[in-house]
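What follows is one structure encoded as structure tokens, with my remarks underneath.
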There are 2 protein chains.
Amino acid sequence: MLKIGELAALASVSRDTLRFYEKHGLITPGERSGAGYRLYSETDVHRISFIIGAKEVGFTLNEIHQLLELEVTKDEKSCYDIKQFVDAKISIVNQRLAEIKRIKKSLQTLSSACCGGDEPATHCTILEALSEQTN
Amino acid sequence: MLKIGELAALASVSRDTLRFYEKHGLITPGERSGAGYRLYSETDVHRISFIIGAKEVGFTLNEIHQLLELEVTKDEKSCYDIKQFVDAKISIVNQRLAEIKRIKKSLQTLSSACCGGDEPATHCTILEALSEQTN
DNA sequence: ATAAACCCTAGAGCATGGTCTAAGGTCAAA
DNA sequence: TTTGACCTTAGACCATGCTCTAGGGTTTAT
């Protein structure tokens, strides 16, 4: 059984983060020592590593919550359910990707229209472009 | 001179948003009517459209603040300064882009390793992959 | 025995970009 | 004149993901 600081070190997160995850239902309390210290089992360690893995691939804590429910009830779920979940996330990520690409393009258009020279920016094309009504 | 609701309609933002921008120093008060109503001039309209344009190309409100300062003092700035600012933002956007692409790839790897079939997810490769220690 | 290092709780604070509420005052039309 | 649509303020609230503080108890090493 690990104390919170030990698990925190193991998982490279802060103690506060672990308590935060607990408060938000991502990781269930487990046991407590006589003095009220949290004690983490193997299962808890596994769960934390699941959370961190999911965070790393871009799931929000909310989505991880849902994933954990899928995991807990996985014997009643099909692979199809799980894959659907991931695919839905992929399409969200695709939207964000498109949005960021759009932004990048706009910025590049701005930048390349500007001479970038020494002259005062009184009539800088960048500032002028930003002032234009878009709606 | 426009009242706040008129400018809000014109700019397609809420009245609250305009007051919020004012509170955060993005748009200076301008005049007030006898009853204390905000009155927006042509210059203010121009400024709002600048803010909205900048938001649309992906600048944060903080960055817009800096851009507005550049705009106000543009006679003392060079095109070089302005272009530098935009280019710095482009490199931030590039980082975000790379991060999102990484996430997308991870998700696709997860998804494509999963059979997606009817069988119970007891040994679903997705859940297993998420559980693996990454550090 | 005492100080350092750890643990606990509840709750505030941060950054981002607003939205909403309460409790009022004002203005225009019917 | 009274209703409804508009305006004012200060401050609370939302989501996201923590981080920090205050005020306390415990454990461990010297």
Side-chain angles (χ1 to χ4, degrees), chain A residues 1-41 44 47-48 50-68 89 92-93 95-96 99-100 103, chain B residues 1-41 44 48 50-68 89 92-93 96 99-100 103:
Chain A
M1 298 299 244
L2 300 172
K3 281 187 289 182
I4 196 168
E6 292 162 343
L7 177 55
L10 200 80
S12 308
V13 298
S14 74
R15 286 177 287 266
D16 277 333
T17 298
L18 292 176
R19 283 187 283 249
F20 176 82
Y21 288 168
E22 182 176 325
K23 196 161 76 185
H24 287 71
L26 291 177
I27 174 160
T28 19
E31 282 179 60
R32 294 293 181 118
S33 76
Y37 288 16
R38 287 169 181 81
L39 296 175
Y40 295 93
S41 67
D44 295 327
R47 205 174 167 87
I48 281 294
F50 183 96
I51 293 169
I52 291 171
K55 249 175 66 71
E56 251 161 35
V57 300
F59 288 108
T60 66
L61 295 189
N62 226 311
E63 289 162 342
I64 294 172
H65 207 305
Q66 296 166 49
L67 270 173
L68 282 166
K89 181 66 183 178
I92 291 169
V93 166
Q95 284 169 35
R96 266 204 277 169
E99 169 68 2
I100 292 195
I103 288 169
Chain B
M1 298 299 244
L2 300 172
K3 281 186 287 181
I4 196 166
E6 293 162 342
L7 177 56
L10 200 80
S12 308
V13 297
S14 74
R15 287 179 284 267
D16 278 332
T17 298
L18 292 177
R19 285 188 279 250
F20 176 80
Y21 287 169
E22 182 178 324
K23 197 162 75 185
H24 287 71
L26 290 177
I27 174 160
T28 19
E31 280 178 62
R32 293 294 180 120
S33 76
Y37 288 16
R38 287 170 181 80
L39 295 174
Y40 295 94
S41 68
D44 295 326
I48 282 294
F50 183 97
I51 292 169
I52 291 170
K55 251 175 65 71
E56 252 161 34
V57 300
F59 287 108
T60 66
L61 295 190
N62 227 313
E63 289 161 342
I64 294 171
H65 207 306
Q66 296 166 50
L67 271 172
L68 283 166
K89 181 65 183 178
I92 291 170
V93 167
R96 266 205 278 169
E99 170 68 2
I100 292 195
I103 288 170

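Side chains included, hydrogens not; waters and symmetry mates left out as well; all remaining heavy atoms used. A, B, ... follow the sequence lines: proteins, then strands. Residue 1 opens every chain.
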Separation of Leu7(A) atom CG from dC6(C) atom P, in whole Å? 15 Å

Test of understanding: with side-chain hydrogen bond (donor to acceptor under 3.5 Å, both in side chains), list the residues that count as partners of Ser14(A), not counting sequence neighbours. Thr17(A)

Can you list everything that forms a side-chain hydrogen bond (donor to acceptor under 3.5 Å, both in side chains) with Glu31(B)? Sequence neighbours excluded, please. none

Taking only side-chain nitrogens and oxygens of Arg19(A), does any of them come within less than 4.0 Å of OP1 or OP2 of dT9(C)? no

Restricting to ring pair (Phe, Tyr, Trp, His ring centres under 6.0 Å), what partner residues turn up for Tyr21(A), sequence neighbours left out? none

Phosphate OP1/OP2 of dA15(C) contacted by Asn62(B) side-chain N/O (<4.0 Å): no

Ignoring backbone atoms, establish whether Arg15(A) has a side-chain N or O less than 4.0 Å from OP1 or OP2 of dT9(C). no

In this structure, how many angstroms lie between the P atom of dG17(C) and the CZ atom of Phe59(B), rounded? 13 Å

Can you pull the salt bridge (Lys or Arg N to Asp or Glu O under 4.0 Å) pairs that have at least one residue in residues 57-68 of chain A, sequence neighbours excluded? Glu63(A)-Lys89(A)

Taking 5' to 3' order, which nucleotide of DNA chain D is first and which is last to have an atom within less than 4.0 Å of a heavy atom in chain A? dT16(D) to dT27(D)

Ring pair (Phe, Tyr, Trp, His ring centres under 6.0 Å) partners of Tyr37(A), counting only residues at least two apart: none

Taking all non-hydrogen atoms of both residues into account, name the closest pair between Leu67(B) and Ala54(B) and its distance. CD1-CB, 4.3 Å

Show me the pairs that pass salt bridge (Lys or Arg N to Asp or Glu O under 4.0 Å) and involve residues 5-15 of chain B, at least two apart or across chains. none

Glu99(A): side-chain hydrogen bond (donor to acceptor under 3.5 Å, both in side chains) partners, not counting sequence neighbours: Arg102(A)

Going 5' to 3' through nucleotides 18-30 of chain C and flagging B where a protein heavy-atom sits under 4.0 Å of the base, S where only the sugar-phosphate is that close, and - otherwise, we get BSB----BBS---

Flag side-chain contact, heavy atom, 4.5 Å: Lys55(B) against Leu61(B): yes

Name all residues meeting the side-chain hydrogen bond (donor to acceptor under 3.5 Å, both in side chains) criterion together with Thr28(A); count only those two or more places apart in sequence or in a different chain, and write none if there are none. none

Across all chains, not counting sequence neighbours, the salt bridge (Lys or Arg N to Asp or Glu O under 4.0 Å) partners of Arg19(A) are Asp16(A)

For the helix from dA1(C)-dT30(D) to dA30(C)-dT1(D), how many degrees between its two end axes (five pairs per end), to the nearest 10°? 20°

